[in-house]
Number of protein chains: 2
Amino acid sequence: MDTAVICPRFESAISLLSQRWTGLIIYQLLAGPQRFSHLTDVIGISGRLLSERLKNLEAQGIVTRTVYPETPVRIEYELTEKGFSLKPVMDEIQNWSQVWVDPLETK
Amino acid sequence: MDTAVICPRFESAISLLSQRWTGLIIYQLLAGPQRFSHLTDVIGISGRLLSERLKNLEAQGIVTRTVYPETPVRIEYELTEKGFSLKPVMDEIQNWSQVWVDPLETK
DNA sequence: TATAATTGGTTACATAAAGTAACTAAAGAA
DNA sequence: TTCTTTAGTTACTTTATGTAACCAATTATA
């Protein structure tokens, strides 16, 4: 009769980061607004999945999408305050990786 | 001709956390050594996946497995120093979740 | 007037990962 | 001998991801 459970908010947050690519997208957007094709190039994600992930992040209020009707069209993705406030999380992952990830094993 | 890339160590670290269940397992083990069946109960993961994840975490030096030949057998999983040093990451995820995750949407 | 070029996607299909539930090994207890 | 308990494994289904070709909008070019 053990009723111990994991905090639902924590679970929700970690399920966000547990989705493949999502962490990398947020990390990359910490550097500032970027367009779709730049994200595919830098992250190495396919258009199909990037599109899906960005829609998701937008729906969760983590990213905004802005259309600039130039030629050719320019669309920029940018973190919201909610998204940007994940920076401390990313910083700690960065710190840990510098100490514990063996660069020879990053294949 | 843009050679910008994401730090390979960061990428390696986030790919660890991007694997489903891995973050929750580490978070749960921060509370101390725990046995297999307790982890399945608390986390809500199947034996198949828990087994796979724990083998993986052991291979990466994040978790240790200790057999106590009692009756019935008791096997405990515990974080190594490398694993425990992910605590600041988990703490920041926790912080973020308290501020930004709407408890009504944690379904 | 076609034709091409560029961005930001979508579609269709193959492969890999995760979910589910039944099953097994070991070892002492009844 | 049969039962219980823990810690898994196996076989099978469903979901997620990878890959590559395709499309719409818009302006420049032949």
Side-chain angles (χ1 to χ4, degrees), chain A residues 1-2 4 6 11-12 14-29 32-60 62-79 107, chain B residues 1-2 4 6 11-12 14-29 32-60 62-79 107:
Chain A
M1 205 201 250
D2 190 0
I6 291 175
E11 223 174 315
S12 171
I14 206 143
S15 84
L16 175 77
L17 298 174
S18 289
Q19 203 170 148
R20 195 163 190 187
W21 302 114
T22 301
L24 270 187
I25 293 168
I26 293 168
Y27 173 79
Q28 180 60 32
L29 287 176
Q34 285 160 68
R35 48 207 302 195
F36 191 90
S37 55
H38 185 243
L39 289 172
T40 60
D41 293 349
V42 172
I43 297 178
I45 186 181
S46 70
R48 183 174 96 63
L49 282 183
L50 181 58
S51 173
E52 192 179 302
R53 290 296 186 273
L54 287 171
K55 273 181 194 164
N56 214 285
L57 289 170
E58 214 190 334
Q60 289 178 82
I62 289 171
V63 157
T64 55
R65 179 182 187 269
T66 309
V67 180
Y68 297 90
E70 303 169 354
T71 290
V73 66
R74 178 166 60 100
I75 293 173
E76 288 202 332
Y77 292 91
E78 184 172 12
L79 292 178
K107 50 174 179 330
Chain B
M1 202 201 250
D2 189 2
I6 291 175
E11 222 175 313
S12 171
I14 204 143
S15 84
L16 175 77
L17 298 175
S18 288
Q19 203 172 136
R20 196 162 188 187
W21 301 113
T22 301
L24 270 187
I25 293 168
I26 293 168
Y27 172 80
Q28 181 61 31
L29 287 176
Q34 285 159 69
R35 48 208 304 194
F36 191 90
S37 55
H38 185 242
L39 289 172
T40 61
D41 292 349
V42 172
I43 298 178
I45 185 181
S46 70
R48 183 174 96 63
L49 283 184
L50 180 59
S51 173
E52 192 181 300
R53 290 296 185 274
L54 287 171
K55 274 181 193 165
N56 214 283
L57 290 170
E58 214 188 334
Q60 289 177 81
I62 289 171
V63 156
T64 56
R65 178 182 188 270
T66 309
V67 180
Y68 297 92
E70 305 169 352
T71 289
V73 67
R74 176 165 60 100
I75 294 173
E76 288 202 332
Y77 292 91
E78 184 172 12
L79 292 178
K107 50 173 178 327

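So that the names make sense, note that chain A is the first sequence line, chain B the second, and so on, each numbered from 1. The basis for the numbers below is simple: all heavy atoms, side chains too, and nothing from hydrogens, waters or symmetry mates.
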Practice item. Could you work out which one of D:dT5, C:dG8, D:dA7 sits closest to the side chain of B:P72? Key: D:dT5
Review point. Atom CD of B:E70 to atom P of D:dT5: distance rounded to whole Å?
Key: 16 Å
Practice item. Check whether any side-chain N or O of B:W21 sits under 4.0 Å from OP1 or OP2 of C:dA17, and answer yes or no. Key: no
Check your understanding: B:R65 side chain N/O closer than 4.0 Å to the phosphate oxygens (OP1, OP2) of D:dG8?
Key -> yes
Review point. Below 4.5 Å, heavy atoms only, C-beta onward: do B:I75 and B:F36 meet side chain to side chain?
Key: no
**Study point:** Nucleotide D:dT9, atom C1' - distance to CD1 of B:I45 in whole Å
**Key:** 15 Å
Practice item. Write down the distance between CG (B:D41) and C1' (D:dT6), rounded to a whole number of angstrom. Key: 12 Å
Review point. Which comes earlier along DNA chain D counting from the 5' end, the contact point of B:E52 or that of A:G47, where each point is its nearest nucleotide?
Key: B:E52
Review point. In whole Å, what is the span from the CG atom of B:L50 to the P atom of D:dT10?
Key: 16 Å
Revision key, fill the gap. Here the distance between atom P of D:dT15 and atom CG of B:L49, to the nearest Å, is 15 Å
Check your understanding: Under 3.5 Å, is there a donor-acceptor pair linking the side chains of B:N56 and B:E52?
Key -> no
Exercise for review: Could you check how far NZ of B:K55 sits from P of D:dA7, rounded to whole Å?
Suggested key: 15 Å
Practice item. Report yes if a side-chain nitrogen or oxygen of B:Y77 is closer than 4.0 Å to either non-bridging phosphate oxygen (OP1 or OP2) of D:dG8; otherwise report no. Key: yes
Point to revise | Gap between atoms CD1 and C1', on A:I43 and D:dG18 respectively (whole Å) | key: 16 Å
Point to revise | C:dG8 phosphate, OP1 or OP2, under 4.0 Å from A:R35 side-chain N/O | key: yes
Exercise for review: Let me know, please, whether A:R48 or A:L54 comes out on the 5' side of the other along DNA chain C by nearest nucleotide.
Suggested key: A:L54
Review point. How would you label the contact of A:Y68 with the nucleic acid (heavy atoms, under 4.0 Å): base, sugar-phosphate, or nothing?
Key: nothing
Exercise for review: May I have the step-by-step check of side chain to side chain contact (heavy atoms under 4.5 Å, CB included) for B:Q28 and B:H38, ending in yes or no?
Suggested key: CA-CA 10 Å; B:Q28 181 61 31; B:H38 185 242; 4.1 Å; yes
Check your understanding: Which part of the nucleic acid, if any, lies within reach of A:S37 when heavy atoms closer than 4.0 Å are counted: base, sugar-phosphate only, or nothing?
Key -> sugar-phosphate
Check your understanding: From B:W21 CH2 over to B:L50 CG, what is the distance, rounded to the nearest 0.5 angstrom?
Key -> 10.0 Å
Point to revise | Full working for side chain to side chain contact (heavy atoms under 4.5 Å, CB included) between B:L29 and B:L39 | key: CA-CA 9 Å; B:L29 287 176; B:L39 289 172; 4.1 Å; yes
Practice item. Determine: side-chain N/O of A:S46 to OP1/OP2 of D:dT19, distance under 4.0 Å, yes or no. Key: no
Check your understanding: What is the nucleic acid contact for B:T71, judged by heavy atoms within less than 4.0 Å: base, sugar-phosphate only, or nothing?
Key -> sugar-phosphate
**Study point:** Length of the CZ-C1' vector between B:R20 and C:dA16, whole Å
**Key:** 15 Å
